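See below for the structure under consideration.
The structure presented is a predicted model; accordingly, all values stated were derived computationally and were not measured. Per chain, numbering begins at 1; letters A, B, ... match sequence-line order.
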Amino acid sequence: MIGAHPLVEDLNPEQKAAVTIAGGPVMVVAGAGSGKTRVLTHRIAYLIREMGVRPGAVLAITFTNKAAREMRERVGGLLGSTVNDMWVSTFHSACARILRREAHAFGYRSNFSIYDRSDSVRLIRQCLNDLGLDASRRSPRGLLNKISEAKNGLVDYETFLDRTEGPVEVAEVYRLYQQRLLQMSAMDFDDLLMVTVELFGAVPEVLERYQGIFGHVLVDEYQDTNQAQYLLVRDLAKRHRSLFVVGDSDQSIYAFRGADYRNFDRFDEDFPEARRVILNRNYRSTSTILDAANEVISANQRADPKDLWCDQHDGEQIIVHRGSGAVREARFVSNRVRQLLTEGYNPGDMAVFYRTNAQSRAFEEALRRSKAPYQVVGAAAFYQRREVKDVVAYLQVVANPDDGVALRRIINTPRRGIGRTSLGHLERFVSAEEVSLREGLERADEIPGISTRARRGVQQLAEVLASIKAHLESDGVGRATESAIFDTGLAEMATAEGGIEAEGRSDNLAELSRVAYEFDSTLEDDLASLEQLGRFLEGASLVSDPDNLDEGAGAVALMTVHSAKGLEFPVVFVVGMQDGLFPHERSLSDPDQLEEERRLFYVAITRSMERLHLSWDDTRMVGGYPYPQVPSRFLREIPEQLVEHVGGPEHPRSAKGTARGSSAGRHHAPAGGDRSFRRIVRQSGVEVGDRVRHATLGVGRVLTISGHGARASASIFFPGLKAKRELMLSAVEKLDGFGPGAASRSG
DNA sequence: ATACTTTATGTTTTT
DNA sequence: CATAAAGTAT
Ligand SMILES: Nc1ncnc2c1ncn2[C@@H]1O[C@H](COP(=O)(O)OP(=O)(O)OP(=O)(O)O)[C@@H](O)[C@H]1O
C-alpha cells in the first residue's frame, strides 16, 4: 500500500489516469481484455467516494442486465456498502423506466406494453391486411427490419415518406404500425429508445429534469451503441459534460441492428474537450492467443491499430481441429473437455462458441454422452416459447387492456368457440367503428353475425381476465400468473398432446409460475399491483440470452459468439469454423459485413484466457448427403507457428483425449438451486436403472430412455405414485448415491 | 361455423 | 423444424 488510494491500487497507471480524471468527458478506447469494464466500475466508485457524487446521480449503461447486476455488486464491493439508488442498467431498461413516468406527454399510458420481435411482426401483418397489401408479397419481417432501421436512426414516418423515392408502401405500413402502437399503448424495442430521445427533444423540462438527476453518465461497450442511444447520452450529458464511455471499435458486432461505430466520431465532435485514454495492456490472455487475435483483426481495412501487449508467458498453442461430420467435431470437443477436466479444469472454466444457435445440438449431445455438465445459454429463449407467451399475453392484457396484439393472441386460445368468421366480423366492426379490439369485444352483442357460441366465448374470456386481475390485486403477480395458467385452460392445453413434449411445456409453465412468485418476494417497493405486473412483464420482455448464464453452475457454457461478448473463460472452443458458417454465407458478398464477421471472430478468440481451440468440419451432411466444407478464411489469418493442427485425414483418430477416462464421471455436479429460468440441462448422465428425482413426483427409477440431447425423455417408475410416467430427462435430477443421504438434498 | 389436418414457406447474429 | 395460411372434416 503505497499510500495510494485503495480504489486505484489494483489499476495500472493508464487505468488509474482514466479513473481519476477530475471531470469532463472521457473516452477510453482499448482492445480486448485491457480492463475497460474494470475501469468503468472503478470510475463509478471513485465518483461516489472521492468526488462526493450521490449514487442517485449516476447513470451507468451496460450491455446486458446481468452485466448491470454485476457492476452494481462490484461498485458496492469497492465502496464496502450496497448502493441501491444508482441507475445501472441497459439502455432499454433505463428508457423503459423513464418512459413509464414520462411517456404520457406523447399520449402513451404508463402501463404501455413492450413488444418483442414476434409481437411486432404480428402487428405488421395486421397492418398489411388492413392496408389491403399482400402479406406474402412483402415479408412482414423485412418490413419490420426497414422500420427498425429507420427508428434506430430516429427517422419518423413523415421523414421516411419524404425520403422515399419509389413506392410508398413501406412508409404507409410504418405510419399505420406506429399509429397502432400508440393507440394500443405499446412500444417495440426501438420505440423505447426513439421515443425517449424524441421526448427529450420535444419537452425541454423533461430533458432538464433528467439532466439534473443524472449528473454523471457512463457507457460500457460503447462501440455497439446505435444513433438513438448516442443521442440519448449526448442529450443527457451536453450540459454537465460528465460523460465517460469505454469501448473498442474492433469489437463492434451489432451493426446489423443499427450499431454505428461513427458514434466515436460523433463523440469527438460533440465533446471536443474530451480526454482520451488508451489502454494497451491485456490482462486476460496468453501471448499466443493475443498474437493470434491481433493478426486476425489487422486483416480488417477498418481495424483500429493497437499495441496490445501482455506479460504472460506464451502459453499453449492454439489447437485447430479438423473433423468429418458434426458428430465427430462434437466428439473432439467433448473428449477435450474430458481431458481438461482430468488436468484440473472445472467444467465452468470452459465454453463452446458457435456462430448460429442451430449448431448447439451436436455439442449438447456429445457433452451429454461424455457426462460433462453443460448449460446452453439462451437458445430458444424461455419467454418466446409458445406456451409461455400465451400465459404472458393474458397478463399483458390485464396490465394493458388495449394491447391488441396480446388480446388477439388469446382471444381463442385455448379454443373457446371464437373462430375465423367471428373474428372476421369482429375485425370489420372494429375497423368500421374505429374502436379498439377491447371495445369491440365489450360490444360483441352489437355485432351482427356473431354466433351465440362465440358470444359465450367472449363472455368466458372477460371472466377469466377479471379473475386474473382479482388474483393480482389480492395476492400479487405470482398468484395472477398461476391464475393465467390454470383458470384459462392453458395448463390443460399444455398437457394435452404429444406425451413427451407435454411434460416440457408443463415444466415451462411451472417455471414461469415460480419466476413470478419469486418476483413478488423480491419486490421491495410498495407499488400498486398493476404497476408490479408491469414491471414483471417489462423484465420478461427485456431479458437477454447472456442474462441466463450461471457462472456458479459448474457447467460448460454453450452459446453464440454474440452472447459471449464481454465474458472470459480459461478454455474456449470456437466451433464450426467453415467458410459459409463463420464467416456466414450471408455476409460473404458484402465487405463491411465480412469485416463484422471478422470482428466477431476477434471477440470469440479474445474471450479465452489460456486454451483456445478452433474446430472445423470438412463434411457437412445435408439431407443425408455429404457436402464438402472449406475451412474458414479466418483460420488462415492466424500465424502458423501459433497453431497445432489435429484431426483430419492424416490423423484419423482425433488427436487428444480419446483415452477412456472414467475419472470424468466424478465431475458432474448437478446445478441445483437455479434461481432463474435459465435452461440448464442437468447433466445427470442418467442411465437405465438410475434413481432420479422430479420436483413434484418425487423419487423414481428409470425404466427406459429415448431421444437425444435436450429432448431426451425417459420412462420412469415412481413408487410413490405406483405408476410410471414419461418425462423429459431434463425435468429430473439424478440421485448420485444409493443411500438415503442422496435423497435428502433438495433444491 | 369451428376444429382439425395438411401444405407451404422461410431458417444469422438480437435489445 | 417451426409457424402460418389454406383446405377438409365434423
Ligand atoms: N490492473 C489490472 N490488474 C489485474 N487484472 C486486471 C487489471 N485490469 C483488468 N484486469 C483483468 O483483466 C480481465 C479483463 O478485464 P475487463 O473485462 O475489464 O476488460 P475489457 O477491456 O472490458 O474486456 P473486453 O473488451 O474484452 O470485454 C479481467 O479478468 C480483469 O479482472
### Message
Nearest 0.5 angstrom please: A:L176 CG to A:L128 CG, how far?
### Response
9.0 Å
### Query
A:G419 or A:H584: which one's nearest nucleotide on DNA chain B is closer to the 5' end?
A:G419
### Query
Quick one: A:Q593 CD to B:dT13 P, roughly how many Å, whole number?
14 Å
### Message
Without decimals, in angstroms, what is the distance between A:L588 CG and B:dT13 C1'?
### Response
14 Å
### Query
In whole angstroms, how far is the P atom of B:dT9 from the CZ atom of A:R125?
14 Å
## Note on the structure
Here the distance between atom C1' of B:dT12 and atom NZ of A:K565, to the nearest Å, is 16 Å
### Query
CD of A:E538 versus P of B:dT15: gap in Å, rounded?
15 Å
### Summary
Walking DNA chain B from its 5' end, the first of A:A454 and A:T64 to be reached, judged by nearest nucleotide, is A:A454
### Message
Can you tell me if A:R415 touches the phosphate of B:dC4, counting only side-chain N or O atoms and a distance under 4.0 Å to OP1 or OP2?
### Response
yes
## Note on the structure
Between the CG atom in A:D550 and the CD atom in A:Q375, the distance rounded to the nearest 0.5 Å is 5.5 Å
### Task
Record whether the side chain of A:R355 comes under 3.5 Å of the base of B:dT12 through a donor-acceptor pair of N or O atoms.
yes
### Task
Evaluate whether the aromatic ring of A:H562 and the six-membered ring of the B:dT13 base sit under 5.5 Å apart, centre to centre, with an inclination under 30°.
no
## Note on the structure
Between CG of A:L581 and C1' of B:dT11 the distance, given in whole Å, is 13 Å
### Task
Establish, from distance only, whether the side-chain atoms of A:N400 and A:S113 form a donor-acceptor pair under 3.5 Å.
yes
### Message
Students often get this wrong, so: under 4.0 angstrom with heavy atoms, is A:R453 touching a base, only sugar-phosphate, or nothing?
### Response
sugar-phosphate
### Task
State which residue, out of A:D156, A:D191, A:D190, fulfils the salt bridge (charged side-chain N to carboxylate O under 4.0 Å, His left out) condition with A:K151.
A:D191
### Query
Just how far, in rounded Å, is P of B:dT14 from OH of A:Y383?
18 Å
### Task
Select base, sugar-phosphate, or nothing to describe what A:S541 touches, counting heavy atoms under 4.0 Å on all strands.
nothing
### Task
Would you tell me if any nitrogen or oxygen in the side chain of A:N412 comes within less than 4.0 Å of OP1 or OP2 on B:dT2?
no
### Residue A:F189, side-chain heavy atoms: nucleotide from B:dT14, B:dT15, B:dA1 that is nearest
B:dT15
### Query
A:D116 near the nucleic acid: base, sugar-phosphate alone, or nothing, with a heavy-atom cut-off under 4.0 Å?
nothing
### Length of the CZ-P vector between A:F256 and B:dT12, whole Å
11 Å
### Query
Between A:R420 and B:dA3, does any side-chain N or O lie under 4.0 Å from OP1 or OP2?
no
### Derivation and outcome, ring pair (Phe, Tyr, Trp, His ring centres under 6.0 Å), residues A:F363 and A:Y374
CA-CA 10 Å; A:F363 300 94; A:Y374 66 90; over 10 Å; no
### Message
Distance to the ring centre below 6.0 angstrom and angle to the axis at most 45 degrees; does that hold for A:K565 and A:F63?
### Response
yes
### Message
Any side-chain N or O of A:N226 below 4.0 angstrom from OP1/OP2 of B:dT15?
### Response
no
### Query
OP1 or OP2 of B:dT12 sitting under 4.0 Å from any side-chain N/O of A:T560?
no
### Message
Of the listed nucleotides (B:dT15, C:dA4, B:dT2), which one gets closest to any side-chain atom of A:R122?
### Response
C:dA4
### Query
Has A:R416 got a side-chain N or O lying under 4.0 Å from the OP1 or OP2 atom of B:dT2?
no
### Message
By the 4.0 Å heavy-atom rule, please label A:Y254 as base, sugar-phosphate, or nothing.
### Response
sugar-phosphate
